[in-house]
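Inspection log for the structure reproduced underneath, given as structure tokens.
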Amino acid sequence: MVKIDLKNLKVEARKEIKKTDNLKDLDEIFKKYLGKKGEITRIFNSLKKLSPKERKKLGEGANLVKREVEEMTKERAKELQEELRKQKIEKEKIDVTRPGKKLEIGHLHPLTLVQREVEEIFQSMGFSVIIGPEIETEWYNFDALNIPKDHPARDMWDTFWLRNNQKIPNPKSQIPNKSQILNFKSQKLLLRTHTSPLQVRYMEKHQPPLRIIVPGRCFRHEATDASHEIQFYQLEGLVVDKDISGANFKAIIEEFLKRFFKTDIEIRLRPSFFPFTEPSFEIDIRRKKGKWVETMGAGMVHPKVFEAAGLNPKNWQGFAFGAGLDRLAMLKYKINDIRLFYSSDLRFLKQF
């Protein structure tokens, strides 16, 4: 009776082990026969109830069946693992003849693209690219540019004023005296409303002749709409020499616009007013006899600006101009809403 039980156990175990097609089921079969509550384990637990002779005979037979079941389980496990390996290899095999998947990578913002293109064009014409602080003093942003505190022109710039809790550097000298330090400590801080302060900052430390552009971010406290933002990017230009005229400006700006828009551009200069230039004018452009579009402001550097920078206006003259990089980008790419540049909408940004 004992022999029949062991023989049947081995036959049933073999059938189940060969039949299984995954490692999880194989593990369950192993537990069924050799687990803590398995069939063969129960036989071993029953040996203590038998006589020594029966115990020895049944124990030897049970051990033999146990080793055979263990061996069959190991062999089947190896077979299943090999099948899995082959399936994985087949599944992950690379077909080198198939076209690869296009990886999506980051790219430059349209305003960055425009700024780099503008810088490259002006650098090719001998201009240096200068950057300056976005937090300015009232003196550099207004006073040095011929916009005193009581000047009505200040209403043209809606300013973000800051709390002044730090020492302001003296714009006139490297080693200020005590009275100068007290004076400049009282200077009000603000987020610059234009890049024009760099005109004075640069001329203070660099003797003309000079030609520079100043790209950078500016801030104005105004309502946002399709053509206005509280932050925007501006391009300042300045050329100073002994004999500079409006004709020089017209020639340079025409060449720049032609290269930037990659087509023939017609321009016109209209009289205007800016406190830091005299005479001042607005520049309109049109392409292929289209509509005139206002693009930038410019003019001859005001004598008061030269004086603020420590230069004698009788010895030097020059022109300055300012254009919105956002504005140039909108004209170049035919964008009708400036807010799109700052929306972080990938549907818009991926087009560039």
Side-chain angles (χ1 to χ4, degrees), residues 105-136 140-141 145 191-220 229 231-241 244 248-265 267 274 276-277 282-283 285 287 293-299 301 305 309 318-335 338 340-342 348-349 351-352:
I105 59 176
H107 60 280
L108 296 176
H109 191 279
L111 290 179
T112 302
L113 293 173
V114 167
Q115 180 174 328
R116 290 189 176 187
E117 184 176 2
V118 167
E119 291 175 357
E120 183 180 347
I121 293 171
F122 276 106
Q123 283 178 314
S124 72
M125 293 192 285
F127 283 74
S128 298
V129 179
I130 308 301
I131 59 173
E134 294 180 353
I135 296 179
E136 266 295 3
Y140 278 114
N141 198 83
L145 295 173
L191 294 179
R192 67 180 180 188
T193 59
H194 47 186
T195 48
S196 301
L198 265 293
Q199 291 184 34
V200 177
R201 282 187 178 274
Y202 194 80
M203 287 191 289
E204 282 178 341
K205 298 180 180 180
H206 299 83
Q207 185 70 12
L210 55 88
R211 59 177 73 181
I212 63 170
I213 58 167
V214 185
R217 186 168 54 167
C218 303
F219 309 85
R220 291 183 188 174
E229 258 288 0
Q231 68 167 5
F232 56 94
Y233 285 82
Q234 192 177 57
L235 175 75
E236 189 79 14
L238 176 67
V239 174
V240 177
D241 208 332
I244 294 293
N248 299 122
F249 165 74
K250 188 171 184 291
I252 288 175
I253 214 65
E254 274 186 323
E255 180 65 18
F256 161 69
L257 292 170
K258 180 180 177 181
R259 294 194 198 178
F260 181 75
F261 290 108
K262 296 178 175 59
T263 186
D264 290 333
I265 294 291
I267 74 170
F274 302 107
F276 32 84
T277 54
E282 299 278 358
I283 295 87
I285 70 170
R287 291 176 278 187
V293 179
E294 181 182 321
T295 306
M296 64 178 70
V301 179
V305 177
F319 64 79
F321 61 89
L325 288 175
D326 309 65
R327 178 74 166 158
L328 291 173
M330 291 172 74
L331 292 172
K332 185 179 181 71
Y333 298 122
K334 298 181 180 178
I335 297 167
I338 191 175
L340 289 171
F341 291 125
Y342 306 98
F348 169 74
L349 297 175
Q351 299 177 61
F352 302 91

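- With values rounded to the nearest 0.5 angstrom, T295 atom OG1 is found 9.0 Å from I267 atom CD1.
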**Prompt:** Checking side chain to side chain contact (heavy atoms under 4.5 Å, CB included) for the pair H194/F274: CA distance, chi angles, key distance, verdict?
**Reply:** CA-CA 12 Å; H194 47 186; F274 302 107; over 6 Å; no

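- Separating the CG atom in N141 from the CZ atom in R192 is a distance of 9.5 Å, to the nearest 0.5 Å.
- The two residues A320 and L238 have their closest heavy-atom pair at CB-CD1, 4.2 Å.
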What side-chain donor-acceptor pairs closer than 3.5 Å can you find for residues 321-334, not counting sequence neighbours?
{"residue": "D326", "atom": "OD1", "partner": "Y233", "partner atom": "N", "Å": "2.7"}
{"residue": "D326", "atom": "OD2", "partner": "Y342", "partner atom": "OH", "Å": "2.5"}
{"residue": "R327", "atom": "NE", "partner": "E294", "partner atom": "O", "Å": "3.2"}
{"residue": "R327", "atom": "NH2", "partner": "E294", "partner atom": "O", "Å": "2.8"}
{"residue": "K332", "atom": "NZ", "partner": "F260", "partner atom": "O", "Å": "2.6"}

**Asked** Yes or no on side chain to side chain contact (heavy atoms under 4.5 Å, CB included) for E136 and R201, after CA distance, side-chain angles and deciding distance?
**Response** CA-CA 11 Å; E136 266 295 3; R201 282 187 178 274; 2.8 Å; yes

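- Annotation: the span from I130 atom CD1 to I213 atom CD1 amounts to 9.0 Å, rounded to 0.5 Å.
- Residue M203 holds its CE atom at 14.0 Å from NZ of K205, rounded to the nearest 0.5 Å.
- In this structure, R220 fails the cation-pi test against F232, since its NZ or CZ atom is not both closer than 6.0 Å to the six-membered ring centre and inside 45 degrees of the ring normal.
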Give every donor-acceptor pair under 3.5 Å between a side-chain atom in residues 115-126 and any protein atom, sequence neighbours left out.
{"residue": "Q115", "atom": "NE2", "partner": "E119", "partner atom": "OE2", "Å": "3.0"}
{"residue": "E117", "atom": "OE2", "partner": "K262", "partner atom": "NZ", "Å": "2.8"}
{"residue": "S124", "atom": "OG", "partner": "I121", "partner atom": "O", "Å": "2.5"}
{"residue": "S124", "atom": "OG", "partner": "R259", "partner atom": "NH1", "Å": "2.6"}

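- With a 4.5 Å cut-off on side-chain heavy atoms, H206 and I212 do not count as touching.
- L191 places a side-chain heavy atom less than 4.5 Å from the side chain of I135.
- Judged by distance alone, with hydrogens and angles left aside, the side-chain atoms of H107 form no donor-acceptor pair with the main-chain N or O of Q351 at under 3.5 Å.
- Here the closest non-hydrogen pair linking L145 and P197 is CD1-N, 3.9 Å.
- Within the 4.5 Å cutoff, side-chain heavy atoms of P110 are placed close to those of L349.
- The nearest pair of heavy atoms linking T195 to Q234 is N-OE1, 2.8 Å.
- One N or O on the side chain of H109 and one on the backbone of F341 form a donor-acceptor pair closer than 3.5 Å.
- No side-chain heavy atom of L108 sits under 4.5 Å from any side-chain heavy atom of F352.
- In this structure, the side chains of F319 and I253 stay at 4.5 Å or more apart for every pair of heavy atoms.
- With rounding to the nearest 0.5 Å, the separation of CG in D264 from CD in E254 is 10.0 Å.
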**Residue pair V239, F127: steps toward the side chain to side chain contact (heavy atoms under 4.5 Å, CB included) verdict** = CA-CA 9 Å; V239 174; F127 283 74; 3.5 Å; yes

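- Side-chain polar atoms of Y202 and E236 form no donor-acceptor pair below 3.5 angstrom.
- Between L235 and P215, the closest side-chain pair of non-hydrogen atoms falls below 4.5 Å.
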